[in-house]
Each structure stands twice: as C-alpha cells, then as structure tokens.
Amino acid sequence: MRSALPVLALALLLGTACVGGSTTGYVDLAIDADPCTRARAASVAVRIYDHEGELVEELEEALVEGDLALPTGVQLVPRNGDTSRTWTVEAELRLEDGTPFEVGRARGGYPTADRAERRLTFTAACFDVACPDGQTCRAGACEDAATPEPEPPSASACAPLRYVDRAAGDDADNDCASPLRPCATITAAFAPLPAGAGATVLIRGGQTYPNEHDGNDLRAFFVRHVASAAERLTLRPWPGSGTPILDGSGNSDVVDITGRFVTLEGLELRGGSVHGVNLNGTDVSEIVIRGCDIHDNGGGVHPFATHAAVHVNNEAHDILIEGSRLHGTVPMNPGEVATGLYANKAIALTARGNEIYDNVGTGSHITVGNGVTFEGNHLHDNGETAVRVSATDGLSLAGNRIEAGGQRGVSWLGESLGSTITDNRICGAGDAGIWIASPVEGEVLHNTIVDGQGAGVLAQADALVELRWNIFAHNAGAGIEGTDSLIDAHNVYFDNASAVTGFTRDMPDTDVEGDPALLGRDTCELSLGEGSVARGAGPGMTDLGARAP
C-alpha cells in the first residue's frame, strides 16, 4: 500500500513519535474519497492524536493533481515500539474558500507484528454531516470510528455545487460555481441548469432572503426545475454559516415546487400568506423536505381556505417530510384550515420524525389520500385536532407522540380502508383520544391513550375496526365507547369511567383490568413501570400498549 499511495507529508509519517521504533507493528492508513467528493475538495487537513488523546501532528495541504491528490496515505508507528498504544486520525476536507465540509475519523491500535491496513473514505452521502468525537460518517450515518471500514464504498451520484450569498454575491458577474464567485439569489443558482441536471445549492446562512419574484404574488421562491434521481436539485445551508431564512414577504407561498427530485434541507421558511411549501399536482414527485423550520405562515386569502406549513395536493406523490418543525400556521378567518401538514389526494407520502405544534387548526390534516405513512412525529399544542384523517386508504399512523391538550387526538372519518393506528401515545385528549365518525375499516393496535376528558376511543358509526393490545387508562369517559361492529381483545383498562360502553366485548377474558403503572405521563413519554399488568400480558408474553423502558 505504501508504494501505491503518495504519503501526505514526512511529518505525518512519523507523527506518533517513532523513537527507536520497529520496522513492524505499524499501521498504513489510506485516505481517499469518492469521485464526487474529490471534485468538491480543494484541500485536506489531517490531525493525529496519540494514546493520551494529545494532538501530535497537524497539517493542511492543497489538493493539486500532480502534487498531492487523493488517495493519499498516512503511516502510524507506535512510540518506542509499544504496540499496546492507540491512535486517532481526523481528516477534514475543505472547500475552495477554506470552509470544512466533511470530517472523517479513524482510530485503533497497532499490530504486534507485521503491519495493518485501514481506510478512511469520504463519500458524497456524508457531505456536511457532523458526527461527535469518536465517531465518523459512513453512508450518511455516524458510526464508531474504531470500526474498520468494510470494502470501499461504490461511487455515488454527484451533483455540482453552486453557491449563494445575498450579501457578497453577484448574479451578473459571478457564475455561482465557486465559493469565491457566489450568486446573490437562489433562483440564479439553478435557473440556468438544463432539464435533468442536478446541483447542490449552498445558501449562505445568517441572512434573510426575501421574495425573488417581483410582480408575482403567488410565491416568493419558485422551483420549477426537473432534476433526476442521479443528480437531485438540493437547496441547503452553506456549511458552517448558520441557517438561511427564506422569507415569503407576504406572497402566498414561500417555496412553490413544480418539479421532480428536489430536496429542501436545513432551511428556515416563514412568512407565506398561505403556505410555507406548496407541492401541487401529479408532476410534483420525489420531493424531500428534511430538517427545515417552517413557521408563521398563513393568514392570507386562499380559494379553498387552506393554510399550511407544508401543503401536498392533487396527487403529488413520493414525498418525504422528516426531521422538520411545522408550526405557527394561522387562518385568515375562524374555521378555515390552518395546519402543520395538509395532505389532500397525496400518494406515497411519508412524514416522520417531525415536531408539529402551535398550529391554530389541526396539527396534520390528511384527506383523500393513498399510501400515507405518518410515523414518529411529536404533536402538541395544536388547535381542533392533532391528526385529522378523512377518506384515506392504506394509512399507517404509527409511533407518534400526541399531546392533545384538551382537543381530539385523532379524528378518523370518511370511508377509509385498510388503515392502521399503531403504537401511538395519546395524552390529554378532549372528547376522544381517537374519534371514529364514519364507517372506516382498519386496526387500532398497541396504542396507549391516557388522561383524556372523554373516551379513549369513541366510535359514533358502525366501523369495522379491530382494537387489540391497547392501554386505556385514567380517562374521564369509557376506555372504548362504540357499537358492536368493533372487534376488541387483549386490551388493558384502568381508572376509566368504565371499561367499555355501547357494545359487548368480544373476548373479555383476554382483557386486563389493572394498573399499567405508566411512567412519563407528564410529558407523554409513556412506558411501562415495574409491576405493570401490561408487561407480558399479550399473546406470547408480549407487552401491551406502551413499551417497557
């Protein structure tokens, strides 16, 4: 390996203080990057730490073909030949202006004989992914830096970088292709791209970007570009610069996307008079909204009186919304829709890991859709209902934490078929944790519904719904109130006005009426305490409702 790779520098070759060392017992560390990442990097900095965690060597070199280029190598030799020592190497790739954009780490020990080989490989999936000390990024996720890399990763798709800096950029004279030549507006960075071409648009943070479509009162930022699966169009912050703020400036939408393969990541979107992000129509697909703060939108005129942080409409499909905050949506008039997520006729929509709160109407409003997955979200302090579902087939509502705050937790209506409400925690609901108002068909499994002002589940229609393995506790109404169309078994009832009302239980001998000993009721982080009757009470000794910590 040593003969095949250029060594970064002599200082690094002996960076671990090989005093009277040996010709064996050393480590060859190869530092490399996939083609995409190599094209983005202008320099590499390497830091070597010894067994005590002290920095023993640091060097930065420009990456210039013919002088120093990736792959390169570092040779690590134990001090005084002591192979019981350990080492840590941290390598950092930087943009043309010196901004770090990817940090990789490797750590380990020394072989007692011969030599060992290790790799540290940078990939496009780890662009601007920050991992804590002791970890490194692989395939977009943080892993233990002591774990040797498996086989070298395959080359990943690569879109060119384009740069936007409102304060220092220039749309007329700069080409957006270098951090030293940024554009001033976001639109200028991707508008010239041919159809199918992707780009990663880095937007300088710590600044507010106002309306870029003067004279167009429908949206502030209009993304009509159609990229490809191989090269997405991604709008995200310039590494290390903070969060860019895209301000709707009173226009209906902050960002209106009419294309495909578009990602919004790490942005703050505010001030749209109707929507934060608008995704409308069958031509809108393969959209990702990740890690964004979308807030304080709504309050303006809309022909259908719907206001939302994110609006997915008219068969827009294959949409992912994750890790974002959707909050502060307001209507123009009382009674209009004002929600964090409004999904109407959405197909293959996934919303997961979001915080949805302080919306005047519902937290999420899902209607007439197909194949919607709503999982792992935290909803609190919303208005009428946390989650409203209507005529949506194949819905999966799973693993959400719903602090209803006196309103309904879930409203389930319309002729929804084949839907499941599973493993949710619903706390403090008003007249119902789950309100079934139409002849829906589906399953309610492994949920925990507590501290409601009414029933845990209130079915006011002949719904063919299976309710199994749930916990209903501390509700002012019945655990379940409904009709004989409901199918129930293996539920826990405790401290409700009654276990059930309005129907006869199907398998009462499988139910448990005792204290589930719930922990975390004050935060709706529900789990089963010691001595809970729900522990091991299900088929095959499984736990019912909230999981054991």
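Using a 4.0 Å cut-off between a side-chain N of Lys or Arg and a carboxylate O of Asp or Glu, Arg260 and Asp283 do not qualify as a salt bridge. Taking 4.0 Å as the cut-off between side-chain N and carboxylate O, Arg219 and Asp256 count as a salt-bridged pair. Under the 4.0 Å criterion applied to side-chain N and carboxylate O atoms, Arg505 and Glu513 are assigned as salt-bridge partners. A salt bridge is defined here as a Lys NZ or Arg NE, NH1 or NH2 lying under 4.0 Å from an Asp or Glu carboxylate O, and Arg270 with Asp296 fails to meet this definition. A salt bridge does not link Glu443 to Arg468: none of the charged side-chain nitrogens sits closer than 4.0 Å to a carboxylate oxygen.
A distance-only check finds no donor-acceptor pair linking the side chain of Ser390 to the backbone of Thr367 [under 3.5 Å].
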Subject >> Step-by-step salt bridge (charged side-chain N to carboxylate O under 4.0 Å, His left out) determination, Glu315 to Lys345 >> reply: CA-CA 5 Å; Glu315 298 183 358; Lys345 299 180 183 178; over 6 Å; no
Subject >> side chain to side chain contact (heavy atoms under 4.5 Å, CB included) evaluation trace for Glu466 with Val444 >> reply: CA-CA 6 Å; Glu466 295 189 27; Val444 175; over 6 Å; no
**OP:** Take Cys524 and Cys427 through the disulfide bond (SG atoms under 2.5 Å apart) test and state the conclusion after the steps.
**Re:** CA-CA 6 Å; Cys524 206; Cys427 303; 2.1 Å; yes
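Between Phe190 and His225, the ring-plane angle classifies as tilted under the 30° and 60° cut-offs. In this structure, Tyr342 and His365 have parallel ring planes: the angle between them is below the 30° cut-off, well short of the 60° mark.
Here the straight-line distance linking atom CG of Leu320 with atom OG1 of Thr263 works out to 8.5 Å at 0.5 Å rounding. Summarising the geometry, atom CG belonging to Leu233 is positioned 13.5 Å from atom CZ belonging to Arg224; distances are rounded to the nearest 0.5 Å.
Residue-environment remark: CD (Glu415) stays at or below the threshold of 12 foreign heavy atoms within 6.0 Å.
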